[in-house]
Amino acid sequence: MNINWYPGHMKKASDSVQKNLKLVDIVFELLDSRIPISSQNPQINNIVGNKPRVVILNKSDLSDQPTIRKWIEYFKEQGIKAIPVNAVSGRGIKDIINEANEQMKEKMERLKKKGIKNKPIRAMIVGIPNVGKSTLINSLAGKKSARTGNKPGVTKGNQWIKLRGNLELLDTPGILWPKFEDQKVGMHLAFTGAIRDEIMDIETLALRLVERLLKIAPEMLVERYDVNIEDLPALEVLNNIAEKRGCIIKGGEIDYTRVAHIILDEFRRGIIGSVSLESPDDI
Ligand code: G4P
């Protein structure tokens, strides 16, 4: 992770999020749609409390669509609206703005009756590192958006970005930590590149990923690497991929570091295919 999370850091992060939460009406909780559980902060319900919340399933371009639909249902059952988004292309951005306006409609009407008109709806984004918070802020802000300048109540240096329909977004996201005491979570974060190759050596990580893909999407490995996988253990499949890609060093040995980089990089960029690593069916 870009940030080292120690108890002190976690408290500081949580305090900072709590402080900014006081300024907003609604929270956009950003998750990685490939791993909504692993990319979720374990304390999120306590941190957000009763504040209206929208779950944003980001990197939807890298997930398989039927599984995303299952996640939308899963969150709906918890009374939470989840919206699939691609923060890079902007797909789903409009839905976030519409949903926020919709959720705040009653409150705005109540205020209107009291004579308070055009009070902005204020929102902030929270999420673990690398989930796409900065990309989403830029995407939401778009080209036309205006920063409203420093206003009382906002941490020094923070600004509100004006969005459509009376919505204002805090330009600084809240950074939360994942459930890193859980090994499976660590592995998911490593597979997706949220933590950089520090959980284990990249050769083992790539082997674990091949093992996983052989279970959940074997056809994608065949399609991408044109390899034989039939009844083969993951290590042999990895060897086959290495041979196909010419990852061989002098003496005919396999260059595991090189093939590991290829597989991890291609998986993270969605080149192997759109794969959801977590499904509500597994819970
Ligand atoms: P953060 O603020 O939450 O830490 O995340 P940030 O916006 O920096 O995004 C992390 C990486 O994820 C970036 O890749 C960004 O382009 C990518 N990303 C964000 N949203 C999406 C999305 O919807 N789809 C896809 N495919 N990618 C997305 P990067 O700049 O290449 O960084 P890195 O991969 O080198 O860390």
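Each residue takes its place number in the sequence, starting with 1. Every value quoted in this text rests on a predicted model; they were computed, and no experiment measured them. Order of appearance sets the numbers: ligands from 1, and atoms from 1 within every ligand.
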Check this for me - ligand 1, Pro129, N or O atoms closer than 3.5 angstrom, yes or no?
no

N/O donor-acceptor pair under 3.5 Å between Thr135 side chain and Ala87 backbone
no

Looking only at heavy atoms, is any part of Asp61 under 4.0 Å from ligand 1, and if so is it the side chain, the backbone, or both, or is it neither?
side chain

Numbering the atoms of ligand 1 from 1, which are under 4.0 Å from a heavy atom of Ala87?
20 (N), 22 (C), 23 (O)

Quick one: does Asn58 get an N or O within less than 3.5 Å of an N or O on ligand 1?
yes

To which of Asn86, Asp265, Leu30, Thr135 does the heavy atom nearest atom 22 (C) of ligand 1 belong?
Asn86

Output side-chain donor-acceptor pairs under 3.5 Å for residues 173-184, partner residues at least two apart or in another chain, one line each.
| from | atom 1 | to | atom 2 | distance (Å) |
| --- | --- | --- | --- | --- |
| Asp182 | OD1 | Lys184 | N | 2.9 |
| Asp182 | OD1 | Val185 | N | 3.4 |

Considering both backbone and side-chain atoms of Gly132, is one of its nitrogen or oxygen atoms within less than 3.5 Å of a nitrogen or oxygen in ligand 1?
yes

Considering only heavy atoms from C-beta outward, does the side chain of Val275 approach that of Arg34 to under 4.5 Å?
no

Exam field: side chain Ser60 to backbone Pro84, donor-acceptor pair closer than 3.5 Å
no

For Asp25, which of Arg53, Arg122, Lys107 qualifies under salt bridge (charged side-chain N to carboxylate O under 4.0 Å, His left out)?
Lys107

